[in-house]
Amino acid sequence: IKALLGTDFYRAAVRTPGTALMHPAALVRGLADTLPANVTLHENSAVLSIDYGHTVTATTEAGEVRAAKVVICVAGFAPQFDIYRGRLFGLRIFASMTRPLTDTERREMGSAPEWGILPAARFGGGTLRYTQEGRLLIRSSYAYKPSMQADAAANNRVAHIHRRKFDARFPALT
């Protein structure tokens with residue numbers, strides 16, 4: 001494990017060659033960049049209200065969009081659109097990412113150019129990724145947040161937890 005990942009923190013692992021890591025934002029950007037000609041993308045157009053009548057009407061600052069059917073992808077912000085009000089569970093999952101590592105730091109990272117670690121227990125640990133850009137990303141800790149609003153106290157608490165986990169896994173990287 002250390003030869004591949006640059007850490008001796010883990011005692012055992014299951015390696016799955018031939019798999020791929022997916023960057024969700026890059027996937028969405030790629031899909032948006034390759035939409036067919038009959039699809040119009042309106043970016044940076046905050047929806048101020050939605051009328052779910054016979055025809056769905058979404059109102060923005062610049063105008064309205066009408067459609068017979070709509071797919072609404074707002075995740076935890078669904079209550080703001082009167083979707084599933086009172087039936088959703090507001091859960092925030094926290095992540096931290098390093099700056100791009102220096103060439104010297106990258107040499108400490110083992111031979112794998114990018115990798116991801118998932119915990120064996122569903123909520124028993126965090127995920128850790130080493131990206132093509134030479135960054136480490138840790139996703140760990142969660143909190144019930146019905147408002148979906150960030151607060152400095154929770155962010156500071158989780159930053160301390162992430163730092164402690166990072167240092168335990170990569171003590172040579174400061």
Mind checking whether [X] and [Y] have side chains closer than 4.5 Å, heavy atoms only?
X	Y	value
Q132	P113	no
L27	M22	yes
R139	F94	no
N155	V158	no

Please round to the nearest 0.5 Å and tell me the distance separating atom [atom1] of [X] and atom [atom2] of [Y].
X	Y	atom1	atom2	answer
T102	E108	OG1	CD	9.0 Å
K2	D8	NZ	CG	4.5 Å
I161	R164	CD1	CZ	6.0 Å

Query - Full working for salt bridge (Lys or Arg N to Asp or Glu O under 4.0 Å) between R29 and E43 - result: CA-CA 11 Å; R29 182 78 260 153; E43 293 184 287; 2.8 Å; yes
Requested in this report: Indicate yes or no: does E105 engage R99 in a salt bridge with an N to O separation below 4.0 Å.
Outcome: yes
Query raised in the report: Does the pair D167/R163 count as a salt bridge with the N-to-O cut at 4.0 Å?
Result: yes
Report task. For residues A68 and V56, report the shortest heavy-atom separation together with the two atoms involved. Result -> O-CG2, 4.4 Å
**Report entry** Exercise: identify the closest heavy-atom pair between R106 and E133
**Finding:** NH2-O, 2.7 Å
Return yes if some donor-acceptor pair links the side-chain N/O of [X] with the main-chain N/O of [Y] below 3.5 Å, else return no.
X	Y	answer
H42	S45	no
T19	P17	no
R129	G116	no

Query raised in the report: Using a side-chain heavy atom cutoff under 4.5 Å and only I, L, V, M, F, W and Y, what cluster partners does L136 have?
Result: I1, L4, L5, F9, Y10, L101, M109, W115, I117, L128, Y130, I138, F166, F170, L173
Query raised in the report: To which residues is L137 joined in a hydrophobic cluster, defined by side-chain heavy-atom contacts under 4.5 Å among Ile, Leu, Val, Met, Phe, Trp and Tyr, whether direct or through other members?
Result: M97
Requested in this report: Hey, could you give me each pair passing side-chain hydrogen bond (donor to acceptor under 3.5 Å, both in side chains) that has a residue in residues 48-62? Not counting sequence neighbours.
Outcome: none
Report task. Give a yes or no on this: more than 12 heavy atoms of other residues, nucleotides or ligands lie within 6.0 Å of atom CZ of R135. Result -> yes
Query raised in the report: Are I50 and L48 grouped together when hydrophobic residues (ILVMFWY) are joined by side-chain heavy atoms under 4.5 angstrom apart?
Result: no
Query raised in the report: How about S140 and K165: does a side-chain donor come under 3.5 Å of a side-chain acceptor?
Result: yes
